[in-house]
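Values below: all heavy atoms of this structure, side chains included; hydrogens, waters and symmetry mates excluded. We name chains A, B, ... by the order of the sequence lines, and we start the count at 1 in each one.
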Amino acid sequence: GAVVSQHPSWVICKSGTSVKIECRSLDFQATTMFWYRQFPKQSLMLMATSNEGSKATYEQGVEKDKFLINHASLTLSTLTVTSAHPEDSSFYICSAPQLAGTDTQYFGPGTRLTVL
Amino acid sequence: AQSVTQLGSHVSVSEGALVLLRCNYSSSVPPYLFWYVQYPNQGLQLLLKYTSAATLVKGINGFEAEFKKSETSFHLTKPSAHMSDAAEYFCAVSEAAGGYQKVTFGIGTKLQVIP
């Protein structure tokens with residue numbers, strides 16, 4: 001099946017710094033990728049939809065200036081958490097449909113962010 | 001708006017016993033339904049999906065789920081639990097949105113398998 005990777009797998013940073021998380025589709029092109037956040041013992045919540053060549057679409061309540069998304073190519077989307085604070089500590093997961101409009105998404109392994 | 005309700009945030013079964021994880025959905029259009037499994041500190045792996053074909057869907061690792069429109073349910077079952085089945089399971093529903101499928105997840109059910 002299709003493979004989606006994320007880098008880094010975990011990161012610890014100081015409060016006030018910015019952190020960039022990469023999501024790559026390894027053996028297929030993804031014009032659309034999704035970013036989710038998962039707090040401990042909770043479900044995945046969709047944060048935003050990343051679109052190659054255009055602006056990301058953010059879900060209600062997600063600050064676009066805090067969570068910067070760049071979909072620079074058909075295989076790479078990045079999520080930058082700017083001026084991170086301890087409440088941003090979470091598990092961030094990306095996903096991508098192998099084919100546009102299809103129902104099956106492939107999920108990355110996730111990135112554990114801890115903000116001190 | 002679509003939604004998913006998973007009944008029971010924690011389920012414990014003995015090894016070899018039947019696994020039943022419950023999921024009810026709400027959708028204004030015929031739904032696509034999924035079950036995903038998540039192992040600690042890992043992403044999600046698709047177990048199975050329903051996309052308006054056969055109502056009984058077979059997935060990986062011996063799991064299956066039955067779509068029941070009259071009950072708006074999509075419960076996940078496995079005849080005999082294995083220790084390796086211990087994980088968190090998410091039911092999800094998707095709907096088309098602007099050319100892609102927007103997925104809504106349930107809160108998850110943590111399955112514990114007792115030896």
(message) To the nearest 0.5 Å, what is the distance between CD on A/Gln38 and CD on B/Glu88?
(response) 7.0 Å
(message) Return the CZ to CE distance between B/Phe105 and A/Met45, rounded to the nearest 0.5 Å.
(response) 11.0 Å
(message) Counting C-beta onward and ignoring hydrogens, is there a side-chain heavy-atom pair between B/Val103 and A/Gln105 closer than 4.5 Å?
(response) yes
(request) Can you establish whether the number of heavy atoms outside A/Arg112 located under 6.0 Å from its atom CZ is more than 12? (result) yes
(request) Please check if atom NZ in A/Lys66 has more than 12 non-hydrogen atoms from other residues, nucleotides or ligands closer than 6.0 Å. (result) yes
(message) Donor-acceptor pair, distance only, cut-off 3.5 Å: does the side chain of A/Ser43 make one with the backbone of B/Gly106?
(response) yes
(message) Can you tell me which portion of B/Gln38 sits under 4.5 Å from chain A's heavy atoms? Options are side chain, backbone, both or neither.
(response) side chain
(request) Can you tell which part of B/Phe90 gets under 4.5 Å to a heavy atom of chain A, answering side chain, backbone, both or neither? (result) side chain
(message) Tell me the closest heavy-atom pair linking B/Leu44 and A/Phe107, and the distance in Å.
(response) O-CB, 3.6 Å
Tell me whether [X] shares a hydrophobic cluster with [Y], the cluster being built from Ile, Leu, Val, Met, Phe, Trp, Tyr side chains joined at under 4.5 Å.
X       : Y        : result
A/Tyr58 : A/Tyr92  : yes
B/Tyr89 : B/Leu46  : no
B/Leu21 : B/Val37  : yes
B/Leu76 : B/Leu111 : yes

(message) Less than 4.5 Å to any heavy atom of chain B: does that hold for the side chain of A/Leu44, its backbone, both, or neither?
(response) both
